[in-house]
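Since the model is a prediction, treat every value here as computed from it, not as a measurement. By convention in this document, chain letters (A, B, ...) are assigned in the order of the sequence lines, proteins followed by strands, and residues within each chain are numbered from 1.
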Amino acid sequence: MPPAALGRPPQLPQLPAQMFTTAAQLLDLTDKKLMIALRDGRKLLGILRSWDQFANLVLQSTKERIFVPPGTAPNQTRGLYADIERGIFLVRGENVLLLGEIDLDRDDDPPAGYDLADVELVKSLAKQKKLEEKIKEKAKVKKLSTIGFEGEN
Amino acid sequence: MLFFSFFKTLIDHEVTVELKNDIQIRGILKSVDQYLNIKLEDISVVEEIKYPHMSAVKSAFIRGSVVRYVHLPAAAVDIPLLEDATRREASIHAGKAK
């Protein structure tokens, strides 16, 4: 740093050239409302406040949105979703699948085929669905291993 | 850096990105960086009904490490140029190895 710059923060920080494009992409999304899909399948909605070159993220006013597809409960013809308030989130970059910028005009519309439902109901249905899927996945991996395939991960 | 340069030639073309969790996202490639992180705009999701969380999303930043495939528009790929670039890259690396 040149001596003149010591003692005061630079007006517009200059980014190193090699991280320019990553930074430029994330810079566009800063202070916007985003949907973040994580590797474990969680979906977070929040405002992106800070980030670095690894896509480590800080989110404000975060909500976790959980979905259950139609047919999870008997006679359930439409999907259900619910939001849980989570506050401030710091997400480690490796767990991020994608960041989606939300179209604010469409933000208040429920996803096609889905209705807002009670949090506890959606939570319990999602838990049940996860359990069913785990059993299915286990059976699949077992079957694949008998014919010589190793599972992903 | 070959594929970084290659993807840069595809900017503003429509591509479909398939992620490791099987979701396929089609959109206009707007940006790519050295980790092959991809920014897509005007996105649409194949089998949208299965992925309700994407319904209000208009553009997406996809982390390079989670991409399985990128489906390219065949017309936008200059094959002779790509072959030349591949050979050039290979010869640079061969030179370094000596």
Side-chain angles (χ1 to χ4, degrees), chain A residues 17-29 32-45 48 51 53-55 57 64-70 78-81 91 93-115 152-153, chain B residues 1-13 15-71:
Chain A
Q18 73 275 11
M19 69 171 284
F20 179 68
T21 40
T22 316
Q25 292 174 58
L26 287 167
L27 200 57
D28 287 347
L29 298 174
K32 297 222 167 89
K33 187 170 177 184
L34 303 182
M35 188 284 299
I36 293 93
L38 299 183
R39 237 170 23 158
D40 64 357
R42 272 192 247 198
K43 277 82 195 176
L44 304 175
L45 293 129
L48 180 65
W51 45 267
Q53 72 270 39
F54 309 111
L57 310 170
E64 180 180 346
R65 185 165 282 184
I66 44 179
F67 295 90
V68 279
R78 288 174 63 80
L80 301 173
Y81 74 96
V91 185
E94 62 181 334
N95 299 304
V96 175
L97 278 188
L98 70 86
L99 309 174
E101 186 186 346
I102 287 174
D103 187 344
L104 290 175
D105 297 335
R106 280 185 280 162
D107 186 26
D108 294 329
D109 309 339
Y114 278 72
D115 297 318
E152 255 182 280
N153 306 323
Chain B
M1 292 305 260
L2 174 68
F3 283 96
F4 173 46
S5 311
F6 172 62
F7 277 118
K8 278 203 288 192
T9 69
L10 291 170
I11 280 173
D12 289 328
H13 287 88
V15 297
T16 304
V17 180
E18 183 175 334
L19 307 190
K20 287 180 189 168
N21 64 351
D22 296 331
I23 184 170
Q24 289 188 32
I25 304 167
R26 186 178 305 131
I28 311 289
L29 182 67
K30 276 294 162 190
S31 180
V32 62
D33 65 18
Q34 80 270 31
Y35 308 111
L36 306 186
N37 294 330
I38 286 173
K39 175 105 175 251
L40 295 180
E41 277 184 9
D42 284 325
I43 62 164
S44 59
V45 176
V46 181
E47 286 193 279
E48 188 142 28
I49 198 80
K50 266 175 72 182
Y51 305 102
H53 60 285
M54 298 296 289
S55 68
V57 177
K58 56 179 175 180
S59 72
F61 171 90
I62 302 166
R63 204 169 191 270
S65 63
V66 302
V67 173
R68 184 182 288 139
Y69 300 121
V70 182
H71 306 231

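- Pairing each heavy atom of B/Leu19 with each of B/Ile62, the nearest pair is CD2-CG2, 3.5 Å.
- Between chain B and the residues A/Ala112, A/Pro70, A/Gly93, the most heavy-atom pairs under 4.5 angstrom are made by A/Gly93.
- Here the side chain of B/Lys20 pairs a donor or acceptor atom with the backbone of B/Ser65 at under 3.5 angstrom.
- Using a 4.5 Å cut-off between heavy atoms, B/Asn37 contacts chain A through both its backbone and its side chain.
- Proximity to chain A is limited to the backbone of B/Ile38, based on heavy atoms less than 4.5 angstrom apart.
- Between B/Pro52 and A/Phe67, the shortest heavy-atom contact is CG-CD2, 3.4 Å.
- The minimum heavy-atom distance linking B/Tyr51 with B/Asn21 is given by the pair OH-O, 4.3 Å.
- With sequence neighbours excluded, the residues that form a salt bridge (charged side-chain N to carboxylate O under 4.0 Å, His left out) with A/Glu94 are A/Arg92.
- For a residue to count as touching a neighbouring chain, one of its non-hydrogen atoms must lie under 4.5 Å from one of that chain's; by this rule B/Val67 does not touch chain A.
- Every side-chain contact (heavy atoms from CB on, under 4.5 Å) that B/Gln24 has, sequence neighbours left out, goes to B/Thr16, B/Glu18, B/Val46, B/His71.
- The two residues A/Leu34 and A/Leu99 make their nearest non-hydrogen contact at CD1-CB, 4.4 Å.
- Taking 4.5 Å as the heavy-atom cut-off, the residues of residues 100-108 of chain A that approach chain B are A/Gly100, A/Glu101, A/Ile102, A/Asp103, A/Arg106, A/Asp107, ordered by number.
- Take B/Ile49 and apply the side-chain contact (heavy atoms from CB on, under 4.5 Å) test, not counting sequence neighbours, and it matches no residue.
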